[in-house]
Amino acid sequence: MEGVGADSVGSGTAPANQFWIDVSRRYQYYLDKTTPHAIYRWIGSAVIVLIYILRVYYIQGFYIISYGLGIYLLNLLIGFLSPLVDPEMEVSGGGGPLLPTKGSDEFKPFIRRLPEFKFWYSFTKAFCIAFVMTFFSMFDVPVFWPILLCYWIVLFVLTMRRQIAHMIKYKYIPFNIGKQKYSGKKASASSSGSRGD
């Protein structure tokens, strides 16, 4: 008898659970399909950001949500610009520096603490949540927005100054701009051309 009651309760909740599992799988499927299309993902995010900015400007409110969103985005940016393993911890741990300091050292590529896709996903999700919050008047706390903007700018400058100092101290660049790339065909063609002379 006890097993029959448990089965009837379990079978009643199974279709609802199966629906959410199917929705989750379909959502993950489409999210995975966007992975290689970074430019289009960021264009879509820019549209969402523009919609949010227009909404806040039109309403003339919800500045506290925008401030919280700015703090969250600053935190995401720090994760995006930071290496997976902090070189400061690696040096103090006695394992030596993580990134090469001499030309003879082994090259170790820069691995982010927060990968680009997760950065984009969290960035976009934060703006979507903030946009939905602008439809609830309880989140419209009256504040003097220029003060919040000044606080955020000071926080941004101090945080970025510390992050840039960290990059300079441990000699890493979190972007591929300006890095040398291997070009095997050009190197072999130039060496064979110099032999002919």
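- Checked against the 6.0 Å centroid threshold, Phe131 and Phe127 do not count as a close aromatic pair.
- Counting heavy-atom neighbours within 6.0 Å of Leu54 CG, excluding the residue itself, gives a total above 12.
- No continuous path of ILVMFWY side-chain contacts below 4.5 Å connects Tyr30 to Tyr121, so the two sit in separate hydrophobic clusters.
- Criterion: ILVMFWY side-chain heavy atoms under 4.5 Å apart, direct or through other members. Under it, Val157 and Ile168 are not part of a common hydrophobic cluster.
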Report the C-alpha separation of Trp145 and Tyr67 in whole Å, then their side-chain angles, then the decisive distance to 0.1 Å, and conclude whether the side-chain contact (heavy atoms from CB on, under 4.5 Å) test is met. CA-CA 9 Å; Trp145 69 265; Tyr67 179 70; over 6 Å; no
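- No path of Ile, Leu, Val, Met, Phe, Trp and Tyr side chains, each step under 4.5 Å between heavy atoms, connects Ile48 with Ile43, placing them in separate hydrophobic clusters.
- Side chains of Leu76 and Lys118 form no contact here, defined as non-hydrogen atoms less than 4.5 Å apart.
- In this structure, the separation between CD1 on Ile153 and CG on Leu148 is 11.0 Å, given to the nearest 0.5 Å.
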Apply side-chain contact (heavy atoms from CB on, under 4.5 Å) to the pair Val47 and Ile51, showing each step before the final yes or no. CA-CA 6 Å; Val47 169; Ile51 291 170; 4.0 Å; yes
Working for side-chain contact (heavy atoms from CB on, under 4.5 Å), residues Arg162 and Leu158: CA-CA 6 Å; Arg162 190 182 76 216; Leu158 292 175; over 6 Å; no
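- Taking the six-membered ring where the residue is Trp, the centroids of Trp42 and Phe119 are separated by under 6.0 Å.
- Heavy-atom minimum distance, Ile65 versus Ala130: CG2-CB, 3.8 Å.
- Pairing each heavy atom of Glu116 with each of Ala38, the nearest pair is OE2-CB, 4.2 Å.
- Here the OG atom belonging to Ser122 is positioned 9.5 Å from the CD1 atom belonging to Ile129, to the nearest 0.5 angstrom.
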For Arg113 and Leu81, run side-chain contact (heavy atoms from CB on, under 4.5 Å): C-alpha distance rounded to whole Å, both residues' side-chain angles, the deciding distance at 0.1 Å, then the answer. CA-CA 8 Å; Arg113 186 166 26 125; Leu81 296 176; over 6 Å; no
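- Tracing side-chain contacts under 4.5 Å through hydrophobic residues (I, L, V, M, F, W, Y), one never reaches Tyr57 starting from Val49; they form parts of separate clusters.
- In this structure, the ring of Phe139 has its center no less than 6.0 angstrom from the ring center of Phe135.
- For the atom pair Leu31 CG and Arg26 CZ, the distance stands at 14.5 Å (nearest 0.5 Å).
- Here Gln163 contributes atom CD and Ile78 contributes atom CD1; the two are 4.5 Å apart, rounded to the nearest 0.5 Å.
- Cluster annotation: Val132 is connected to Tyr63 through the hydrophobic network of ILVMFWY side chains, with a link wherever side-chain heavy atoms come within less than 4.5 Å.
- Looking at Ser66 and Tyr52, their side chains do bring a donor and an acceptor atom within 3.5 Å of each other.
- The OG1 atom of Thr159 sits 8.0 Å away from atom CD1 of Ile71, with the distance rounded to the nearest 0.5 Å.
- Between Phe62 atom CZ and Leu69 atom CG the span is 13.5 Å, to the nearest 0.5 Å.
- One N or O on the side chain of Arg112 and one on the backbone of Phe80 form a donor-acceptor pair closer than 3.5 Å.
- Looking at Thr34 and Arg41, their side chains never bring a donor and an acceptor atom within 3.5 Å of each other.
- Between Trp120 and Phe117, a ring centre-to-centre spacing shorter than 6.0 Å is recorded.
- The shortest non-hydrogen separation linking Thr134 to Ile59 is O-CD1, 4.2 Å.
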